[in-house]
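I have placed the structure first, in the form of structure tokens, so that the comments after it can refer back to it.
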Amino acid sequence: MEKLLRSGVKEAVKTIYGADADDDMLQVQKTRKEFEGDYTLVVFPLSKLSRRGPEQTAGEIGEYLVRTIDAVSGYNVIKGFLNLVIAPAEWDRRLSVMHAESDYGFTKPGPESETVVIEYSSPNTNKPLHLGHIRNNLLGYSLSRIFAAAGNIVIRTNIVNDRGIHICKSMLAWQKYSGGRTPESEGIKGDHFVGDYYVLFEKKLKEQAEELIAAGSEPETARDNAPLMQEARQMLVKWEAGDPGTVKLWQMMNSWVYEGFDVTYRALGVEFDRIYYESDTYKVGREIVLRSLEEGHLIRKEDGSVWIDLTDDKLDQKLLLRSDGTAVYMTQDLGTAVIRYNDYHFDHHIYVVGNEQNYHFQVLTLALKRMGYEWAEGLHHFSYGMVELPEGKMKSREGTVVDADDLVEEMTATATAMSQELGKLTGYSEDEKQNICRQIGLGALKYYILKVDPKKNMTFNPRESIDFNGNTGPFIQYTYARIRSVLKKAEETGIADASEVTGIVIPNPKEISVIKLLDDFHPLVIEAAREMSPALIANYCYELAREFNQFYHDFSILGEENKDIRNFRLRLSELTGRILEKGLWLLGIEAPERM
RNA sequence: GGUUCCGUAGCUCAGUUGGAUAGAGCAACAGCCUUCUAAGCUGUGGGUCGAGCGUUCGAGUCGCUCCGGAAUCACCA
């Protein structure tokens, strides 16, 4: 509708004033509640073209629009604002059009579609996933769906950071202290099991460092000089040299972790099309660094380490290969990017990674460009803020890390308790109940995290996150479930039929509010993809659910006596349900049929 | 110190490319179930949009300067 008005205004300006209006001069927005009208044109920018006062310009354009566009039935001018009134019957027509469209709001990929590679999750294989990873996974997964819905070809990838000194730490601790225990023998999930040895390593290392300090060593170097640290470093060299024993140990421990991760990913409901392993990509990274060194883009220092000098770009020198020849984080990311480009020839590559790595990605993009890869222009770092607890940051040393598996389980348990208390879900089988409660618990968690602007640091308040009232996931799910319930009843009784052609219905103001929002959905999806913002979708869903609930409260759908209005309302409900389901889908949230 | 991000109601957050009198939820208080699910709906109170200056018809939104907070600037990942 806004699009229609915008082009109408453009035409009006052309016809009346003989001038071409730029798109950013055509400011059409919703009319504020306190004024009469549906959409408002801000006339100030156009009065420059018209060479008349804003009010006169507004009047002339309003006159023109009423005459030429059927949907516009009237207008009024207040100061420089032209308020346009849409004929109520127009909304009935608009609803039919949207309702008839089978996949309204989503754009199908076509020949013009761009390929978007999106990387998220990117776990280390030395500890289980925590709350921070949850934000990452939810944002990444939701973005992948938003891009797909906006007509892009999307490849969801994960880079598993399965090599490096941190892995050697848990390997070493296991080798030294486990006595051959396994996740199976202990009945512990593999990622948690390995994580425990990482913690153990840090504990033992600290003890050694303290001993060294007591013996007169400098506190700064004590950790580095501790025997355990040196052993870990030697292990990394052995691993990179392909030492069979080390590699075998590494494979075994990683396989434990992957089993654990799979369980967590399934519980969260996220998936990947393609998983890359750093243990593969770092080699390619090393090759391109060495080649680039030969081509003269990089510097080799006396000790043999390789650096890139980015001081021209106001950044520092950055290490790409250690003096012992081993790879660093940057090395593998260079390799991964090149491999991915060769695999997919992407137009855009989005890295969903926390904002603590802003610098890293700045360097990555610059380094690739410096090395001659022009497609590096298409790399975007989707940088999101940290998740903090009400008490402050999560600290593993203080045991305040919120574990992903625990959290999901807790949310489900709360949903179950709540359903019980409210007396919902009677007459459903145990399986169905469990499934619905899982959907609700996860819905609450996902919505709670996704409704916040990704850029911002967010506070995770466990008490609020399990709230199911107000601006929450379950509120939206509930609205959907109520709609489903009405539709089911309509079908069973045959009392109304949304597909039945009705005469023209003049919608009431509440109904119009809902239709207006439905009309916004398509542009919103495009906008959310452009802005890379699941929060936009989340807040839209909330608004739509709230608006529909008001309508639902004020008017009867199936109890309405006029058949046309009854069918019209059912149609309105059905489309709202469809859009809520799609909106939730874009967030990776399931929509339960009943709750 | 350099760079980047954030600062809106007691709390958690919205606020489109600058537009009219800054909005929700939570918490508090007061109401609404004989009617399609009350996980809902309605109402009341709650604000120097961190501070100042500037740009302009118009600034929570743009620019500059300060204040406060976060991240980063590793031969960690």
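Only heavy atoms go into these numbers, but all of them, side chains included; no hydrogens, no water, no symmetry mates.
Nucleic acid contact for A:Lys489: sugar-phosphate only, since backbone atoms but no base atoms lie under 4.0 Å from a heavy atom of the residue. Within 4.0 Å of A:Arg163, counting heavy atoms only, lie sugar-phosphate atoms of the nucleic acid but no base atom. Using a 4.0 Å heavy-atom criterion, one finds that A:Phe468 contacts the bases of the nucleic acid, with or without backbone contacts as well. At a threshold of 4.0 angstrom between heavy atoms, the contacts of A:Tyr542 are confined to the sugar-phosphate backbone, with no base atom among them. Nucleic acid contact class of A:Phe548 (heavy atoms, under 4.0 Å, all strands): none. Nucleic acid contact for A:Ser323: base, since at least one base atom lies under 4.0 Å from a heavy atom of the residue. Residue A:Asn126 is out of contact with every strand shown, counting any heavy-atom pair closer than 4.0 Å. Using a 4.0 Å heavy-atom cutoff across all strands shown, A:Val452 reaches sugar-phosphate atoms only and no base atom. Contacts of A:Gln27 with the nucleic acid, taken as non-hydrogen atoms under 4.0 Å apart, include base atoms. Note on A:Ala490: nothing from the nucleic acid sits closer than 4.0 angstrom, heavy atoms only. At a threshold of 4.0 angstrom between heavy atoms, the contacts of A:Ile165 are confined to the sugar-phosphate backbone, with no base atom among them. Counting any heavy atom pair closer than 4.0 Å across all strands shown, A:Met458 reaches sugar-phosphate atoms only and no base atom. Looking at heavy-atom distances under 4.0 Å, A:Ile483 makes no contact with the nucleic acid at all. A:Thr40 comes within contact range of at least one nucleobase, with a heavy-atom separation under 4.0 Å.
Using a cut-off of 4.0 Å between Lys/Arg side-chain N and Asp/Glu carboxylate O, A:Glu527 and A:Arg530 are scored as salt-bridged. Here A:Glu491 does not pair with A:Arg484 in a salt bridge; the nearest charged N to carboxylate O distance is not below 4.0 Å. Under the 4.0 Å criterion applied to side-chain N and carboxylate O atoms, A:Arg233 and A:Asp324 are not assigned as salt-bridge partners. Looking at A:Lys510 and A:Glu547, a side-chain N of the basic residue comes within less than 4.0 Å of a carboxylate O on the acidic one, giving a salt bridge.
When only modelled atom types and interatomic distance are considered, A:Tyr447 and A:Asn471 share a side-chain donor-acceptor pair under 3.5 Å.
Taking the side chain of A:Asp316 as heavy atoms from C-beta on, and the options B:rA20, B:rC73, B:rC26, the nearest nucleotide is B:rC73. Distances from the side chain of A:Lys424 to the nucleotides B:rU4, B:rU37, B:rC57 place B:rU37 closest. The side chain of A:Phe35 approaches B:rA20 more closely than any other nucleotide in the set B:rA20, B:rA39, B:rC36. Side-chain proximity of A:Val42 to B:rU37, B:rG19, B:rU4: nearest is B:rG19. Checked against B:rG19, B:rA20, B:rU12, the side chain of A:Pro45 finds its nearest nucleotide in B:rG19.
Using atom P as the reference point in both B:rG43 and B:rC64, the two lie 43 Å apart (nearest Å). Spacing of P atoms, B:rG68 relative to B:rG60, comes out at 24 Å, to the nearest Å. When the P atom is used for both B:rG2 and B:rU8, the distance is 25 Å, rounded to whole Å. Separation of the C1' atoms belonging to B:rG10 and B:rU21 is 24 Å when rounded to the nearest angstrom. Spacing between B:rA9 and B:rU72 at atom P, rounded to whole Å, works out to 27 Å. For the P atom pair drawn from B:rU56 and B:rG63, the interatomic distance equals 16 Å after rounding to whole Å. Rounded to a whole angstrom, the distance from the C1' atom of B:rG45 to that of B:rA27 is 13 Å. Comparing the P positions of B:rG19 and B:rA59 gives an interatomic distance of 11 Å, to the nearest angstrom.
The phosphate of B:rU72 has neither OP1 nor OP2 within less than 4.0 Å of any side-chain N or O from A:Tyr359. Between B:rU37 and A:Ser485, a contact under 4.0 Å exists linking OP1 or OP2 to a side-chain N or O. Note on A:Arg546: every side-chain N or O is 4.0 Å or more away from OP1 and OP2 of B:rU42. Residue A:Asn461 places none of its side-chain N or O atoms closer than 4.0 Å to OP1 or OP2 of B:rU12.
Because its NZ or CZ atom is both nearer than 6.0 Å to the ring centre of A:Tyr552 and within 45° of the ring axis, A:Arg482 counts as a cation-pi partner of that residue.
Checking A:Leu131, A:Leu139, A:Asn136 one by one against A:Ile449, the side-chain contact (heavy atoms from CB on, under 4.5 Å) holds for a single residue, A:Leu131.
Mapped onto RNA chain B by nearest heavy atom, A:Lys451 and A:Tyr552 fall at different nucleotides, with A:Lys451 at the one closer to the 5' end. For the pair A:Tyr448 and A:Glu356, both in contact range of RNA chain B, the more 5′-proximal nearest nucleotide belongs to A:Tyr448.
At a cut-off of 3.5 angstrom, counting only N and O atoms as typed in the model, there is no donor on one side facing an acceptor on the other between the side-chain of A:Asn469 and the base of B:rA38. At a cut-off of 3.5 angstrom, the base of B:rA39 holds no donor-acceptor pair with the side chain of A:Thr479. The base of B:rA39 does not come close enough to the side chain of A:Thr472 for any donor and acceptor atom to sit less than 3.5 Å apart.
A straight line from CG of A:Leu320 to P of B:rA77 spans 13 Å, rounded to a whole angstrom. Here B:rA39 presents its P atom at 20 Å from CZ of A:Arg484, a figure rounded to the nearest Å. When the P atom of B:rA24 is taken as reference, atom CG of A:Asn471 falls 12 Å away, rounded to whole Å. Protein atom CD of A:Glu492 is 11 Å distant from nucleotide atom P of B:rU37, rounded to whole Å. Going from atom CD of A:Gln29 over to atom C1' of B:rU17 covers 11 Å, rounded to whole Å. Atom CG of A:Asp313 and atom P of B:rU4 are 14 Å apart (whole Å). Look at CG on A:Asn539: it is 11 Å from C1' on B:rG23, rounded to the nearest Å. When the P atom of B:rU4 is taken as reference, atom CD of A:Gln362 falls 8 Å away, rounded to whole Å.
Put simply, the side chain of A:Arg135 reaches to within 4.5 Å of the side chain of A:Val452, judged on heavy atoms.
With a cut-off of 3.5 Å on both Watson-Crick or G-U wobble distances, the partner of B:rU17 is given as none. Across all strands shown, B:rG45 remains unpaired; no Watson-Crick or G-U wobble contact has both distances below 3.5 Å. If you check B:rG7 for Watson-Crick or wobble pairing at under 3.5 angstrom, you find it paired to B:rC67.
B:rC33: glycosidic angle within 90° of 0, hence syn.
For the pair A:Phe475 and B:rG40, the ring geometry does not qualify as stacking, because the centroid separation below 5.5 Å and plane angle under 30° are not jointly satisfied.
The minimum heavy-atom distance between A:Met25 and A:Pro45, with the atom names listed, is CE-O, 3.3 Å.
Not one N or O on the side chain of A:Ser465 forms a donor-acceptor pair closer than 3.5 Å with the backbone of A:Leu445.
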